[in-house]
Each structure stands twice: as C-alpha cells, then as structure tokens.
Amino acid sequence: RTEATRRSPSLTDHGESPDTRRTTRRVSAVDLRERHQHATRHPWETVRASFFQRLAAQHASSASSVIDVGSGDGWFAAELQRSTLPNATIVCWDTNYLPDDLTEPLPSGISRTVEQPGLRADLVLALDVIEHVPDDRSFLRDEVGPLLADDARVEAHGGDDAFELFLVLHVEEFGQL
C-alpha cells in the first residue's frame, strides 16, 4: 500500500493542489484491486455482500438513494441494486477513481464520483473503510453525517482484520458517537 493524502473516505493524490484537499491526514491507499474482476469474486466477498444485502432489506428496504463511501469498483453497489434496492439511485464515492473509472459504463441508476456527493441519502454504506481512517468517530460525524437524510441508515464494516465492526444507526442515534 502506498501513502496518499486523504481527501475523503478513500485516498488519493491525483495531482490536486493542497487547497482542494478536504483533510491532510495520512493513511494507506486502498481497494481498487478488484477493478474489472466482476465475474470472479472471492467467496468471502460474496458472503459479506449477502450479509449487507440482508441488512439493507431488513432496515432500509424503502431507500431510494444510497451513497457507497469508498466503493472500490462498485461491484457491491450493483449487487445491492440488482438484488435488494432495484429502484434506488446509488452514488459510488471513492477518491481512488481514475478518469477511466468515471467514464466506464455502469448499470442504470449507478454513478461514480471522486467528490463528496451533494445529496443526502437514505442509506450510506462504508464497507471496508472505517479501518483506514485514523479517527472513526470523527469520520462518521464529519464525512458521513452530512450525507444522511432524515431517518437514514448507515451500514459500516471494519475490514478483514481481526477487528470487525458491524453497525446500523438511525440518524437520531448518530449524535451519540
């Protein structure tokens, strides 16, 4: 993994000037390793996806807007839309996207961005992101909090290390972090 200046949920340094960066914390760059491997996913990834699809079905089945923070190649967003939220608009937000990633064809209703989305969503995902930020509470409050619509849900997962974090929060509970 390489070091890069963190601008939001994932990490990058695509030549932006320092004044365009949101924060200057240093963390490891992550996750677009699976780019263009939609046909073959690791069994752990498919099991994890199934778990979060069930969680979304139980707690956010009426979500019409979703933001997938640190979404990598967007495979999970497409699976979530296909299996659980067929009418949802999903924004994949990852600062590691390259220009080619942003022009790659995607399923209808799914988009990619390197900039923080300017919308408030019913469901915000932060899967395999929390373990890459130095202060998870500040990240949830300052980066994820502004993305939440009233009565929104957050699904977060803390990576594949020994520590795993699964949480679902109502907006009302969010201030208790």
Evaluation steps, side-chain hydrogen bond (donor to acceptor under 3.5 Å, both in side chains), between Ser71 and Asp68: CA-CA 5 Å; Ser71 51; Asp68 187 357; 4.6 Å; no

Under the side chain to side chain contact (heavy atoms under 4.5 Å, CB included) criterion, do Val133 and Glu143 qualify, and how do the steps go? CA-CA 11 Å; Val133 296; Glu143 301 287 340; over 6 Å; no

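Taking 4.5 Å as the limit, every side-chain heavy atom of Gln81 sits out of range of all side-chain heavy atoms of Val66. Proximity of Leu147 to Val69: side-chain heavy atoms (C-beta onward) are separated by under 4.5 Å at one or more points. At a threshold of 4.5 Å between non-hydrogen side-chain atoms, the residues Thr46 and Glu79 do not count as touching. Contact check for Glu45 versus Trp75: side-chain heavy atoms found under the 4.5 Å cut-off. Phe139 is listed as a side-chain neighbour of Val129, based on a closest heavy-atom distance under 4.5 Å. In this structure, the side chains of Leu125 and Trp93 stay at 4.5 Å or more apart for every pair of heavy atoms.
Of the inter-residue distances, the one linking Tyr97 atom OH with Thr103 atom OG1 reads 12.5 Å to the nearest 0.5 angstrom. Going from atom OG1 of Thr89 over to atom CD1 of Ile67 covers 11.0 Å, rounded to the nearest 0.5 Å.
In this structure a side-chain-to-backbone donor-acceptor pair under 3.5 Å is missing from Asp136 to Ile130. The main-chain N or O of Ala152 is never found under 3.5 Å from a side-chain atom of Asp122 such that the two would form a donor-acceptor pair. Side chain of Arg153 to main chain of Ala60: no donor-acceptor pair is present (N/O by atom type, distance under 3.5 Å, no hydrogens or angles).
For Leu123 against Ala56, the heavy-atom pair with the smallest separation is CD2-CB, 4.2 Å. Minimum heavy-atom separation, Ile110 to Ala78: CD1-CA, 3.6 Å. Contact record, Leu127 with Glu155: CD2-O, 3.8 Å, taken as the closest heavy-atom pair. What you find for Leu85 and Ser61 is that their closest heavy atoms are CD2-O, 3.6 Å. Closest approach of Thr95 and Val114 over heavy atoms only: CG2-O, 3.4 Å. Residues Arg141 and Pro146 come closest through the heavy atom pair O-CD, 3.5 Å.
Taking the side chain to side chain donor-acceptor pair (under 3.5 Å) definition, one finds that Thr84 meets it with nothing, sequence neighbours left out. Applying the salt bridge (charged side-chain N to carboxylate O under 4.0 Å, His left out) criterion to Arg54, with sequence neighbours excluded, gives no partner residue.
Remark: Asp73 does not engage Arg112 in a salt bridge, criterion side-chain N to carboxylate O under 4.0 Å.
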